[in-house]
Amino acid sequence: MGEQAFRFDRIAVSGYRCLEDVEVDLRGLNVVIGPNGAGKSTLLDTLVLLATSTRNAGLAEAVARRGGFNRLVSFGRKDATVRVAVSSSPQPWPGGQTPAPIKYSLELGASGNGFDVASESLDQARDPAASRPFFFIQRTRTHRKIHDPKTNSLVDPDWDVASHETILSGAVRMHLEPSRFRRHMGGATYYPPAAIGDRDPLRLSQTLVPTASTPEPDGSNILSVLQKIRAEHEDRWQQIEDVLHAGFPTFRKLEWAIVGAGQVTLAWHDTRFKNPLFANELSSGMLRFLMLSTVLLCPEPPAIILLDEPELSLHPELLRLLAELLVQAAQRTQILVATHAGSLLRWFKPEHVIVVDSEEGRSTFTRGDALDLDRWMNDYTLDQVWEMGEMGGRP
């Protein structure tokens, strides 16, 4: 699986907007469905916040982009704190040995007009019989410690750690598992519905960058990624063209048209027309489906793919294909999808789904296979069960 060394198996959030106190079990594919404002996108956003916090000066920037710390805290909460904790299950090393699970927790608190890191820990239960886990990071407001492999003890960091930044963003590179954990968490990539206005990247010409391997969230490098796949991964390129043909029967092939100054534009060949259609002539559904297909079929996907309302602009038949792509991609990476479209839910099994409900502004998350759905599934599809109100997650 290459660098895909982990999979988050649980996330716990408290004090973060509408997520006052929730725990969510995570699997390879997690399709989160519920009404608007219930907390679907907020759950994805907590992972984006954690990913940003792994970069130098990333946490302060992330909080500022969200309107400041006071805008993050759950409404009416007496203690102005935000806590996020994740646990991961590392994949086996070559040879079959499986490392122990790693847990990371981060607590942010109000400080003056801003915030600081109130606590942070990264630990690994190497010995299940031990009374304490093995700590790589242990931090409170009064002390900051990291593990020193030379002395096998917790010591003060030998660099300045800002009160509003994580130790994880600058530490643990000397440890294999924590370093891989940091890269995995930092690789969570959020994909909102692709913007398809006249001046948005998906409709414009692009400069080919040979090193691009993962689509940017705005699609600004999608032609470079597609070119790399076509040149280096013939099987994946064929899969992309096959799924496009399945979704658009008159589709023939993709090519690139040179427009000058080292830039190219997408040329979509269609059996109905003599000349190709260029990106500015394609429908929003065609462009969005191409973007989603590229994200889910690229050979080097993000460590965690976060998709918000991927059903936007897509025909019901395209939703079936999208569901198939999601199930397949979840074998290679971890995926969280936020949706309120029953038409997408139709193509999944209960174990893929997480139902979100909200009462008095407080969110709850329930896995689909924890619900009593067996008596319904023999006669109805999953979207029908949801629309009948037997799963929750309805307005």
Side-chain angles (χ1 to χ4, degrees), residues 191-210 212-299 301 305 307-329 337 339 341 343-344 346-347:
Y191 290 95
I196 41 78
D198 290 343
R199 303 305 301 170
D200 287 313
L202 280 177
R203 291 204 179 275
L204 300 177
S205 59
Q206 298 179 9
T207 301
L208 291 182
V209 180
S213 58
T214 301
E216 294 291 337
D218 63 355
S220 57
N221 69 340
I222 188 171
L223 298 186
S224 296
V225 175
L226 286 169
Q227 170 62 20
K228 186 179 179 69
I229 295 173
R230 184 171 71 168
E232 301 179 10
H233 303 276
E234 183 178 352
D235 58 334
R236 287 295 167 81
W237 177 253
Q238 188 62 55
Q239 288 179 47
I240 290 174
E241 290 204 315
D242 286 347
V243 78
L244 290 176
H245 180 71
F248 307 94
T250 58
F251 166 80
R252 191 158 59 88
K253 64 178 180 178
L254 292 178
E255 286 187 338
W256 283 254
I258 300 174
V259 297
Q263 291 196 318
V264 299
T265 190
L266 180 71
W268 176 293
H269 289 264
D270 190 296
T271 58
R272 296 171 297 173
F273 309 111
K274 178 179 179 181
N275 297 319
L277 298 172
F278 298 114
N280 64 319
E281 300 172 307
L282 298 177
S283 72
S284 58
M286 295 165 82
L287 285 172
R288 286 188 172 129
F289 189 72
L290 174 62
M291 176 72 178
L292 290 166
S293 300
T294 306
V295 170
L296 297 172
L297 286 171
C298 70
I305 297 175
L307 295 175
D308 206 350
E309 297 186 26
E311 70 274 5
L312 197 62
S313 301
L314 299 189
H315 184 275
E317 178 61 20
L318 294 181
L319 294 182
R320 180 185 65 81
L321 295 172
L322 173 61
E324 292 176 0
L325 289 175
L326 287 166
V327 172
Q328 293 171 14
V337 179
T339 181
S343 51
L344 178 61
R346 178 185 186 92
W347 308 107

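These numbers come from the heavy atoms of this one structure, side chains and all, not from hydrogens, waters or symmetry mates.
- Ser293 pairs by the side chain to side chain donor-acceptor pair (under 3.5 Å) definition with nothing, not counting sequence neighbours.
- Here Met286 contributes atom CE and Leu266 contributes atom CG; the two are 9.0 Å apart, rounded to the nearest 0.5 Å.
- In this structure, the side chain to side chain donor-acceptor pair (under 3.5 Å) partners of Asp308, at least two apart in sequence or on a different chain, are Ser41, Tyr190.
- Not counting sequence neighbours, Glu216 has no partner by the salt bridge (Lys or Arg N to Asp or Glu O under 4.0 Å) test.
- Note that CD of Gln239 and CD1 of Ile229 are 10.0 Å apart. Values are rounded to the nearest 0.5 Å.
- Of the candidates Val337, Leu296, Val327, Leu322 forms a side chain to side chain contact (heavy atoms under 4.5 Å, CB included) with just one, namely Leu296.
- Among pairs with a residue in residues 250-263, those fulfilling salt bridge (Lys or Arg N to Asp or Glu O under 4.0 Å) read Lys253-Glu255, at least two apart in sequence or across chains.
- Of all heavy-atom pairs spanning Ala195 and Leu202, the tightest one is O-CD1, 4.2 Å.
- In this structure a side-chain-to-backbone donor-acceptor pair under 3.5 Å is present from Gln206 to Leu223.
- The shortest heavy-atom contact between Leu314 and Gly285 is CD2-O, 3.6 Å.
- Residues Ser224 and Leu208 approach most closely at OG-CA, 3.3 Å, considering heavy atoms.
- Ser343 is linked by a side chain to side chain contact (heavy atoms under 4.5 Å, CB included) to Leu319, Ala341, counting only residues two or more places apart in sequence or in another chain.
- Under the ring-ring contact (aromatic ring centres under 6.0 Å, His included) criterion, Trp256 pairs with Trp237, sequence neighbours left out.
- In this structure, Leu292 and Leu325 have side chains that are not in contact, with every pair of non-hydrogen atoms separated by 4.5 Å or more.
- Between Val259 and Val264, the shortest heavy-atom contact is CG2-N, 4.1 Å.
- With hydrogens and angles disregarded, a donor-acceptor distance shorter than 3.5 Å links the side chain of Tyr191 to the backbone of Pro215.
- Of the inter-residue distances, the one linking Ser213 atom OG with Asn221 atom CG reads 8.5 Å to the nearest 0.5 angstrom.
- In this structure, Phe289 and Val243 have side chains that are in contact, with non-hydrogen atoms separated by less than 4.5 Å.
- Nearest heavy-atom pair across Pro310 and Leu344 is CG-CD2, 4.4 Å.
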Distance-only donor-acceptor hits, side chain of residues 271-278, under 3.5 Å, sequence neighbours excluded:
from: Thr271; atom 1: OG1; to: Thr250; atom 2: O; distance (Å): 3.3
from: Arg272; atom 1: NE; to: Thr250; atom 2: OG1; distance (Å): 3.4
from: Arg272; atom 1: NE; to: Asp270; atom 2: OD1; distance (Å): 2.9
from: Arg272; atom 1: NE; to: Asp270; atom 2: OD2; distance (Å): 3.4
from: Arg272; atom 1: NH2; to: Asp270; atom 2: OD2; distance (Å): 2.9

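- Residues meeting the side chain to side chain donor-acceptor pair (under 3.5 Å) test with Thr294, sequence neighbours left out: none.
- For the side chain to side chain donor-acceptor pair (under 3.5 Å) test, no residue two or more places apart in sequence or in another chain qualifies with Asn280.
- Once rounded to the nearest 0.5 Å, the distance linking CG of Leu297 with CD1 of Ile240 reads 5.5 Å.
- For residues 230-249, the pairs satisfying salt bridge (Lys or Arg N to Asp or Glu O under 4.0 Å) are Lys228-Glu232, with sequence neighbours left out.
- We find the NE2-CG distance between His315 and Leu321 to be 11.0 Å, quoted to the nearest 0.5 Å.
- Qualifying salt bridge (Lys or Arg N to Asp or Glu O under 4.0 Å) partners for Glu317, counting only residues two or more places apart in sequence or in other chains: Arg320.
- Residue pairs satisfying the salt bridge (Lys or Arg N to Asp or Glu O under 4.0 Å) criterion with at least one member in residues 281-299, sequence neighbours excluded, are absent.
- Taking every heavy atom of both residues into account, Leu244 and Trp268 meet most closely at CD2-CH2, 4.1 Å.
- Leu318 contributes atom CG, which lies 10.5 Å from atom OG of Ser313 (distance to the nearest 0.5 angstrom).
- Between Leu290 and Ile222, the closest side-chain pair of non-hydrogen atoms falls below 4.5 Å.
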